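Note sheet for the following structure.
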Amino acid sequence: MGFKKYFIFSVILIVAIFGFVYSLELGEYNITMFDYSATLPASVWVILPITVLALATFLHLMFYGLLNYLKQRAITKDYESMIKLIKSALLEKNETYTFKTTEFKNLSSIISSLKIDVQDNRFLSVDDELNKIVGNIQDIKNGKFVNDKSFKANETSTLANLNILNKVDEQIDFAVDVLKKPENFSTEVILKSFNNVLKEKSMTTMKKLYKNVKLDKEMAKKLFEKDVINNDFGLTHEEIIKIVKDLEYKKDDYLVLAKNYETISKPDQVIALFEKLSTESEDAIPAYLHVLFEFEMIDQVREVLANTKDNEYSPYKALLVLKEAGKHYNLEAISYK
């Protein structure tokens, strides 16, 4: 029975009893308790305890009804906070929420200790915002760039970084912007932007951008390979020398560089480059010799080797002897390290 019905029926019962007793014309009745005395109609004395009991019952119901209301309200608020916590976890944010009920406190503790992720299958809940967040995350993981201002993932999160990587793949002009101000982006975004711009844009563009980026040897290798293809507008000798010096090239690195630039149909330029490099670092001398042998510059090979110790560059000296004897060998056929 609801509170309203209970109240109505209680009033009806009290009034009925009062009317019945009053109709009996029992007169008045005096009650003395301690020093207090009261004289009231008998009908009043009859309904008084019933009224007090009903009033006490009303107060009891109201008290526990209020408690139940507050509990339900706490559950509703905790549910809303739990949904917010799930959204925050999906967006990789470290936001904290307060829970009032023990059950939700325990659940929030569990969720906070886990990594929440989304599946590839279609997601549907009663919360439209949650549906939208999950849909955006699925798009990002599928390689799409999500340009939704309401989608506010943690800017330093892997999710936000992945979305930026997707943007780099979709928008080459954005990749160019990344290389213009690389300090605003992660190493992964910079590397992908570098590779994409290197692939899509001209060497003229790369010459303007590569200096903004801290190159590693692999990036430099790709840049040099691009330079070979677009050599007419490529790197100057001074630029190449600076790059290899900054990266502290070793013998093997110089040899890879030599094999790359040997494909250019301008022997004089290649020889001049590696001659300069050999004066900058002894580690570049084997690469210089490699270039000289490749272009059959035997006299220059002889000149370089003449100024070395007997136990130095033995493979090159052996190859020189073979060349002078009319044998057709190359550096790839012998060990030259």
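Each residue takes its place number in the sequence, starting with 1. Below, all heavy atoms of this structure are taken into account, side chains as well, without hydrogens, waters or symmetry copies. Note that this is a predicted model, so its numbers are computed, not measured.
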- Query: Would you call D246 and K242 a side-chain contact if the rule is heavy atoms closer than 4.5 Å?
  - Reply: yes

- Item | Main-chain N/O of K144 paired to D139 side chain as donor or acceptor, under 3.5 Å | no

- Message: Suppose the criterion is salt bridge (Lys or Arg N to Asp or Glu O under 4.0 Å): which pairs have a residue in residues 178-188, not counting sequence neighbours?
- Response: none

- Do N260 side-chain atoms and F224 backbone N/O form a donor-acceptor pair below 3.5 Å? yes

- Query: Stepwise, does the side chain to side chain contact (heavy atoms under 4.5 Å, CB included) test hold for F293 with L320?
  - Reply: CA-CA 9 Å; F293 273 117; L320 178 61; 4.2 Å; yes

- Looking only at heavy atoms, the pair that brings M206 and F194 closest together is CE-CE1, 3.6 Å

- Give a yes or no answer on whether the side chain of K93 reaches the backbone of K152 with a donor-acceptor pair at less than 3.5 Å. yes

- Message: Any non-hydrogen side-chain atom of F151 less than 4.5 Å from a side-chain atom of I137?
- Response: yes

- Task: Taking the side chain as every heavy atom from C-beta outward, state whether I285 and Y254 have any atom pair closer than 4.5 Å.
- Result: no

- Message: If you count heavy atoms of other groups shown closer than 6.0 angstrom to NZ of K167, is the number above 12?
- Response: yes

- Under a 4.5 Å side-chain heavy-atom rule over Ile, Leu, Val, Met, Phe, Trp and Tyr, are V126 and F123 clustered together? yes

- Could you state the interatomic distance from CG (L53) to CD1 (I47), rounded to the nearest 0.5 Å? 13.0 Å

- Item | Neighbour count above 12 (heavy atom, 6.0 Å) for Y79 OH | no

Which atom pairs, one a donor and one an acceptor, fall under 3.5 Å between side chains of residues 213-223 and the rest of the protein, sequence neighbours left out?
{"unit_1": "D216", "atom_1": "OD1", "unit_2": "E218", "atom_2": "N", "d": "3.2"}
{"unit_1": "D216", "atom_1": "OD1", "unit_2": "M219", "atom_2": "N", "d": "2.7"}
{"unit_1": "K217", "atom_1": "NZ", "unit_2": "D253", "atom_2": "OD2", "d": "2.7"}
{"unit_1": "K221", "atom_1": "NZ", "unit_2": "E225", "atom_2": "OE2", "d": "2.7"}

- Message: Whether the side chain of E170 engages the backbone of F145 through a donor-acceptor N/O pair (distance < 3.5 Å, no angle test) should be reported.
- Response: yes

- Item | E275 side chain to Y288 backbone, donor-acceptor under 3.5 Å | no

- Flag, side chain of Q138 to backbone of V118, donor-acceptor distance under 3.5 Å: no

- Task: Over all heavy atoms of both residues, which pair between V168 and K192 is shortest? Give the atoms and the distance, please.
- Result: CG1-CG, 3.8 Å

- Query: Which distance, rounded to the nearest 0.5 Å, do you find between the OG of S278 and the CG of L273?
  - Reply: 9.5 Å

- Are D128 and K132 ion-paired here, with the side-chain N under 4.0 Å from a carboxylate O? no

- Query: Is E95 salt-bridged to K84, cutoff N-O under 4.0 Å?
  - Reply: no

- Message: Just verifying a value: how many Å separate I264 CD1 and D227 CG, rounded to the nearest 0.5 Å?
- Response: 6.0 Å

- Task: Any chance you could measure L85, atom CG, to L90, atom CG, to the nearest 0.5 Å?
- Result: 9.5 Å

- Are more than 12 heavy atoms from other residues, nucleotides or ligands located less than 6.0 Å from atom NZ of K317? yes

- Sole residue of T156, N154, T158 in side chain to side chain donor-acceptor pair (under 3.5 Å) with E92: T158

- Could you state the interatomic distance from CD1 (I17) to CD1 (I12), rounded to the nearest 0.5 Å? 12.0 Å

- Treat each ILVMFWY residue as a node, draw an edge where side-chain heavy atoms are under 4.5 Å apart, and state whether L124 and I86 are in one component. no

- Query: Should we say atom CZ of R73 is surrounded by more than 12 heavy atoms from elsewhere, each under 6.0 Å from it?
  - Reply: no

- Is I110 reachable from Y97 through a run of I, L, V, M, F, W or Y residues, each pair having side-chain heavy atoms under 4.5 Å apart? no

- Task: Answer whether the closest heavy-atom distance between the side chains of V256 and Y249 falls below 4.5 Å.
- Result: no

- Task: For the pair E296 and V301, evaluate side chain to side chain contact (heavy atoms under 4.5 Å, CB included) and give the outcome as yes or no after the intermediate values.
- Result: CA-CA 9 Å; E296 296 293 332; V301 171; over 6 Å; no

- Task: Verify, without hydrogens or angle tests, whether D78 (side chain) and F99 (backbone) share a donor-acceptor contact under 3.5 angstrom.
- Result: no

- Message: Tell me if the CG atom of N94 is crowded by more than 12 foreign heavy atoms within 6.0 Å.
- Response: no

- Task: Indicate the atoms forming the closest heavy-atom contact of L257 with V244, along with that distance.
- Result: CD2-CG1, 3.9 Å

- Kindly work out whether a path of hydrophobic side-chain contacts (I/L/V/M/F/W/Y, heavy atoms less than 4.5 Å apart) joins F104 to L70. no

- Heavy-atom side-chain proximity of L277 to F274 below 4.5 angstrom: yes

- Hey, mind stepping through L209 and K201 against side chain to side chain contact (heavy atoms under 4.5 Å, CB included) and telling me if it holds? CA-CA 11 Å; L209 298 173; K201 293 293 186 177; over 6 Å; no

- Item | More than 12 heavy atoms from other groups under 6.0 Å of CD on E312 | yes

- Please check if atom CD in E248 has more than 12 non-hydrogen atoms from other residues, nucleotides or ligands closer than 6.0 Å. no

- Message: If I compare all heavy atoms of K276 with all of T279, which pair ends up nearest, and what's the gap?
- Response: O-OG1, 2.5 Å

- Message: For K105, is there any backbone N or O sitting under 3.5 Å from a side-chain donor or acceptor partner on S109?
- Response: no

- Query: Closest heavy-atom contact between T98 and S81?
  - Reply: O-OG, 4.1 Å

- Message: For L130 versus D127, what's the shortest heavy-atom pair and its separation?
- Response: N-OD1, 2.8 Å

- To the nearest 0.5 Å, tell me how far N68 CG sits from L61 CG. 11.5 Å

- Between K226 (side chain) and L198 (backbone), is there a donor-acceptor pair under 3.5 Å? yes

- Using the ring of each side chain (for Trp, its six-membered ring), is F185 parallel, tilted or perpendicular to F174, with breaks at 30° and 60°? perpendicular

- Message: Is it the case that the side chain of N163 and the backbone of V146 share a donor-acceptor pair, with hydrogens and angles ignored and the cut-off at 3.5 Å?
- Response: yes

